[in-house]
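Here is the structure we will look at, set down as C-alpha cells.
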Amino acid sequence: MRMRLRKLLRRRLPASLKARMSVVVFLLVLTAVASLALATLSVAERGMRDVTGRQQYVSLASAAVFIDEELDAKRNVLRAMADSLAASGAHDDAGLQRFLAAQTVLGKEFYTAGVAATDGSLLASMGPVKPQAGMTLKGRPYFDQTLATRRSVISAPLNGSISGMPLVVVTQPVFDAHGAMRYVLAASVNLRQPDFLGRLGVLKPGTGGYLYIMTSEGVIVEHPDKSRIMQHIDAHGPVSEPTRRAMQGFEGWLTGTTTQGVDALFAYHRIASTGWILASVYPMSDAFAPLHAIRSKILLAAVLLAALAGLAGWRVVLRLLQPLERLRHHVHEIRRQRLGIGALQIERRDEIGDLSRDFYSLVAEREIAEAQTRDSERRLKLLTDHVPVVIVYIDREHRYQFINATFEKWFGRSRKESMMQSIRDVLGEEAYQLREAYLQRAFSGEAVEYEFTIDGEGKAGRRAFQTSYVPDVGESGAVEGVYGLIHEITKTKAEHTALQFAAATDTLTGIANRRRFDEQLAQSMQRTRVTRAPMALAYLDIDRFKAINDSLGHKAGDEVLKEFAARLVRSVRASDLVARLAGDEFVIIFEGVNSAAEVRQIGAKIIDAIRQPFELASGPLPVTTSVGIAIFREGALTPAQLLDLADQALYAAKGQGRDGVALREAVT
C-alpha cells in the first residue's frame, strides 16, 4: 500500500526538487491556516447556537403569552355575551335566536355559536352550519366540564360532527339573578380559518423556520400547513427526538433533525391556559447562514495566502539552491569529462563554505516558518480578540495560559500582567472561591456551565455572565487544561425578567393578573395549613359596571377600573395581594387574619374607600362595590373551591342589595 502511494505521489508531483518544495510549502500553509480558521469558526458556531437557542425559547415564551391573551379575548367575548343574555330576559327559543342574531361580534370571532340548556338541548344557534334536530351537547366533555366547574372551558381539538371541520369549542355558563346556571353559551373556532392565531406567523424564526401548536398528546392545533391540523404529529413520519421529549414535559431548546432530515434548532413552551405545546423549528442552514458565508471567505483567503506563500517559497528555494545547482553542473561536466576531478576538489572547498551558508539559509528558512507561524497566531489572535466572548485557557495549576482581548475589556484586568498568573492573583480570593469547585469538576473531565454577576461601573449596572469550562483531554487521556468561554447574558436575563413580570401583571391596572393570583393562592393556602394562621380570600366586583360602560363609554370604564384597583391597593396591607381576574372582577388574598370580625372590618374599610366619588374626565362618579369573603383555616380545600366559595359570598352580598360585605367560612 505504501509503495503504491509513493509511486502515485511521484507521478503526480513535479520532477523538479524546487517545484516539489514549493508545492509542499503551499499544502502545509493551506492546511494550517484552513484548520485554524475552521476550528475558530467551530467554537464561534457553538456559542452562536447557544445564544440563538435561548433567543428562540425567550421568543416562544412571549408568543405563549400572546396566545393566552388571544384565547382570553375569545373567552371575554363569550363572558360579555353571557352577561348580556342574562340581562336580556330572553327565555324562549325565538328570543334566544334573536339575541344571537343581534351579536355581530360572534360572527367575527367564532365559526359557529349556540345557546344550550343545562340538559344539553340546543335552543338557538348561528353560523354557516345549522345543527340537526334533536341535537344535544350532553355527554360532550367540554359541556359536562362546564356544568361541573360552572366556569368557561376551552375544549381539546375535535372534528365537528356536522361541519367536519377541525374545531376548538369555548364555553361560558349563563347564570340567573340567583346564581343558578340557566344556559351554556358554546362557540367554536375553525382551526383552519386563516385568522385563527394568524399573527403567530410573524414570529417565525428566519425564512425557513416555522411555529406550530400541538396538544400534549401530539395532535396538531395550529400549523402553517393547514392540512396537518387535527393530524397527529407522527402522521408524516416518526416523531423527532426533541418533539418526543416535549410531549413528555420538556420545555426549552434542543438541536435535532426533523422528519425530513433537516438539522434544526427546536424550542418548546407550554401555553398556560390550555396546556398545549408551542413549538418552533429553525433550520440550522438559516440560523448559521452568515457564519457559513464567512467560512467560505476565510477558506478562500487561506488558499490565496497559501498560494502566495508557495510562490514566495519557490523564489527562496531557487535562490538557496543555486550553490547546489552549481555543484550539480560541475559533477555533470566531470562526468562528461569536460572538467577534471581537480575542479571538483577546488569547488569542494568552496562548496563546504556554501554548505555553511546553506545551513545559515536553513536557519533563515526556519525563521521564515516561525514568522509564518507568528502570522498565523496573529490572525488567530485577531479573530479571538474580536469575538464578543471571553476565551481563556487554564492549566492544572489554575493559571491563565491564554487570554483574549475581550477579557481585559470586560473585567478591567491587564492581559499582559494576567498571563501565567493564577486566577486567585488576577481576580481575587472571592472570585476564585466561586470558580474553584467548577474548575475541579472540569479537571476531572466534566464539561461545566455556571453563571455569575459583577457590578458594572457608571450606568452599566449589574452585569450577568455565563461561563462554560471544556476539558482539554490529551492523548494519554488526562486533562491537561481547561478552555473557558464566557458569554455576557445581561440582556437575555433582563428580557427574561421583563417577560416574567409582564406575564404576571394585568396590563390595564398594573396589579397582579390571574396567573400570578393562581400561583399565590396555592402558596398562601399551603402556608396557612403549616402555620395554622387563618387566611381570607375576597372576591369583589363593581356594582352595575356594565351601566357605567354603556352610559359613559369604555374609556371611562377603564378609568374606573384603574382607580378601583388603586383604591384596593391603598386599602390593604403591603403583604396582601390584589389581583384582577377579568373585566370588573377583582380578588384580594389576606394572610394571617385573626377573626371573622377582623375580616368583616377589612371589607367595610374597602367599601368605604370605594364609596368616595371617582374623579373622571367627565366629572365625579359615585361607585360602589360588593365584597364576598371566604375564610380558610385548614383542610384539603383546593384553591378553585376556595375561590368558588368567595364567589358564592359575592353573590350573597349582591343579593343583600349590593354595596355590602358577605362572609363564608370554609368547612373542612
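Residues take their numbers from the sequence shown, with the count starting at 1. Here the structure is a predicted model, which means the values were calculated and not measured.
- Taking each heavy atom of Phe266 and Thr255 in turn, the nearest pair found is CD1-C, 4.3 Å.
- Using a 4.0 Å cut-off between charged nitrogen and carboxylate oxygen, Arg516 and Asp506 do not count as a salt-bridge pair.
- Residues passing the ring-ring contact (aromatic ring centres under 6.0 Å, His included) test with Phe143, sequence neighbours excluded: none.
- Ser240 and Thr258 share no donor-acceptor pair across their side chains, judged by distance under 3.5 Å alone.
- Taking the six-membered ring for Trp and the full ring otherwise, the centers of Tyr469 and Tyr438 sit at least 6.0 Å from each other.
- Of the possible polar contacts, none joining the Ser152 side chain to the Gln172 backbone as a donor-acceptor pair under 3.5 Å is found.
- In this pair, Tyr212 and Tyr210 present their aromatic rings tilted. The plane angle is within the 30 to 60° band.
- Of the possible polar contacts, one joining the Asp584 side chain to the Ile542 backbone as a donor-acceptor pair under 3.5 Å is found.
- At most 12 heavy atoms of other shown residues, nucleotides or ligands fall within 6.0 angstrom of atom CD in Gln601.
- A donor-acceptor contact under 3.5 angstrom links the side chains of Gln466 and Arg54, judged on distance only.
- Looking at Thr625, its side chain does come within 3.5 Å of a backbone N or O of Asp541 through a donor-acceptor pair.
- Formation of a donor-acceptor pair under 3.5 Å by the Arg664 side chain with backbone atoms of Gly628 is not found in this model.
- Side-chain atoms of Asp83 do not come within 3.5 Å of backbone N or O of Ala86 as any donor-acceptor pair.
- The pair Arg514-Asp518 counts as a salt bridge, with a side-chain nitrogen and a carboxylate oxygen less than 4.0 angstrom apart.
- Ring pair Tyr268/Phe250 is perpendicular by interplanar angle, where above 60° counts as perpendicular and below 30° as parallel.
- Using a 4.0 Å cut-off between charged nitrogen and carboxylate oxygen, Glu559 and Lys555 do not count as a salt-bridge pair.
- When all heavy atoms are compared, the tightest approach of Val627 to Ala538 is CG1-CB, 4.2 Å.
- A salt bridge does not link Asp144 with Arg140: none of the charged nitrogens is closer than 4.0 Å to a carboxylate oxygen.
- Separating the CD atom in Gln103 from the CZ atom in Phe110 is a distance of 12.0 Å, to the nearest 0.5 Å.
- Inspection of the Gln145 and Thr149 side chains reveals no N or O donor paired with an N or O acceptor under 3.5 Å.
- Salt bridge Asp608/Arg611: present, at least one basic N to carboxylate O contact under 4.0 Å.
- Distance alone, capped at 3.5 Å, places no donor-acceptor pair between the Lys562 side chain and the Leu508 backbone.
- Side-chain atoms of Ser444 come within 3.5 Å of backbone atoms of Arg441 as a donor-acceptor pair (strictly under, hydrogens ignored).
- Taking the ring-ring contact (aromatic ring centres under 6.0 Å, His included) definition, one finds that Tyr183 meets it with nothing, sequence neighbours left out.
- Thr453 places no side-chain N or O within donor-acceptor distance of the main-chain N or O of Ala464, the cut-off being under 3.5 Å.
- Ion pairing of Arg580 with Glu585 is absent here, as no side-chain N (NZ or NE/NH1/NH2) approaches a carboxylate O to less than 4.0 Å.
- For Asp234 (side chain) and Pro238 (main-chain N/O), no donor-acceptor pair under 3.5 Å exists by modelled atom type.
- One finds the CG atom of Leu568 at 6.0 Å from the CD1 atom of Ile606 (value rounded to the nearest 0.5 Å).
- Side-chain contact annotation: Ser626 with Asp543, donor-acceptor N/O pair under 3.5 Å present.
- Using a distance-only test at 3.5 Å, with no hydrogens or angles considered, a donor-acceptor pair links the side chain of Glu251 to the main chain of Arg270.
- Between the side chains of Ser59 and Gln56, no donor-acceptor pair is found at a separation under 3.5 Å.
- By the 4.0 Å N-to-carboxylate-O rule, Glu563 lies close enough to Arg570 to be salt-bridged with it.
- At least one cation-pi condition fails for Arg150 and Phe175: the charged atom is not both under 6.0 angstrom from the six-membered ring centre and inside a 45 degree cone around its axis.
- Here the CG-CG distance, from Leu540 to Leu581, works out to 10.0 Å after rounding to the nearest 0.5 Å.
- In Glu429, the CD atom is crowded: over 12 heavy atoms of neighbouring residues, nucleotides or ligands sit closer than 6.0 Å.
- One finds the CE atom of Met535 at 5.5 Å from the CG atom of Leu642 (value rounded to the nearest 0.5 Å).
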